[in-house]
Amino acid sequence: MSGVYEGLPKSWTTSEIGEVAEYVQRGKSPKYAVQSDLPVINQKCVRWWGVDVEHLKYIHPDQIPSWDEVRYLRRGDILWNSTGTGTIGRACVYRGELKQAVVDSHVTIIRTNPEIADP
């Protein structure tokens with residue numbers, strides 16, 4: 001379904017998200033703790049310039065085993081605020097700001113195919 005869209009540079013084309021992404025998934029709703037080994041990136045963390053770690057929350061330690069490896073963020077993932085008045089649509093590229101992290105249910109992860117260049 002790729003094509004040329006009027007108004008884009010001639011070298012650009014459009015595509016369906018499934019053509020460029022191997023994983024598109026909203027995060028899960030966690031039970032939060034004051035502190036743990038697994039930070040959660042929420043809507044307040046997603047800024048146009050990157051991840052603002054000042055607003056991190058943390059998953060309760062009892063819940064950490066329920067997060068599958070695919071849900072852990074990887075460098076180059078696109079984080080997109082998929083809900084929220086005033087924050088919906090805000091997005092950034094995750095550049096590995098944290099050793100490990102996941103997102104809550106208000107943030108969608110878009111993980112590009114390996115053929116897409118690493119930011």
Test log, rule side-chain contact (heavy atoms from CB on, under 4.5 Å), inputs K44 and R90: CA-CA 10 Å; K44 287 183 180 180; R90 193 166 56 202; 5.5 Å; no
Which is it for R95 and V93 under the side-chain contact (heavy atoms from CB on, under 4.5 Å) test, yes or no, and what are the steps along the way? CA-CA 6 Å; R95 302 206 184 273; V93 175; 3.9 Å; yes
Stepwise, does the side-chain hydrogen bond (donor to acceptor under 3.5 Å, both in side chains) test hold for D104 with Y32? CA-CA 10 Å; D104 70 11; Y32 291 112; 3.2 Å; yes
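Hydrophobic clustering (side-chain heavy atoms under 4.5 Å, transitive across Ile, Leu, Val, Met, Phe, Trp, Tyr) groups V51 together with V107. Under a hydrophobic clustering in which Ile, Leu, Val, Met, Phe, Trp and Tyr are joined whenever their side-chain heavy atoms come within less than 4.5 Å, directly or via other members, L79 and V53 fall into the same cluster. The hydrophobic clustering, which links ILVMFWY residues whose side-chain heavy atoms are closer than 4.5 Å, places V46 and V40 apart.
Within a 6.0 Å sphere centred on CG of D52, heavy atoms belonging to other residues, nucleotides or ligands number more than 12.
Nearest heavy-atom pair across I59 and S36 is O-OG, 2.6 Å. Shortest non-hydrogen contact noted between S105 and S82 is O-OG, 4.4 Å. Residue R26 comes nearest to T108 through the heavy atom pair CG-OG1, 3.0 Å, listed as atom of the first residue, atom of the second, then distance. Taking every heavy atom of both residues into account, V24 and A21 meet most closely at CG2-CB, 3.8 Å. Of all non-hydrogen atoms in Y94 and R74, the two that sit nearest each other are CD2-O, 3.4 Å. Y72 and W67 make their closest contact through CE1-O, 3.6 Å (heavy atoms, listed as atom of the first residue, atom of the second, distance).
Using modelled atom types, one finds a donor on one side chain and an acceptor on the other under 3.5 Å when comparing Q43 with T83. Counted by atom type alone, D77 and Y23 present zero donor-acceptor pairs between their side chains at under 3.5 Å.
With rounding to the nearest 0.5 angstrom, the CG atom of L56 is 5.5 Å from the CG atom of L98. The NZ atom of K57 sits 9.0 Å away from atom SG of C45, with the distance rounded to the nearest 0.5 Å. Here the straight-line distance linking atom OG of S66 with atom NZ of K31 works out to 11.0 Å at 0.5 Å rounding. Here CG of L73 is found 9.0 Å from CD of E97. Values are rounded to the nearest 0.5 Å.
N113 contributes a side-chain N or O that, together with a main-chain N or O of E19, makes up a donor-acceptor pair within less than 3.5 Å. With Q63 contributing its side chain and P61 its backbone, the two residues share no donor-acceptor pair below 3.5 Å. For the pair R111 (side chain) and Q25 (backbone), a donor-acceptor distance under 3.5 Å is absent.
Looking at N42, N81, I41 one by one, the single match for side-chain contact (heavy atoms from CB on, under 4.5 Å) with V103 turns out to be I41.
Contact annotation: the side chain of I109 never approaches that of I78 to less than 4.5 Å [non-hydrogen atoms, C-beta and beyond].
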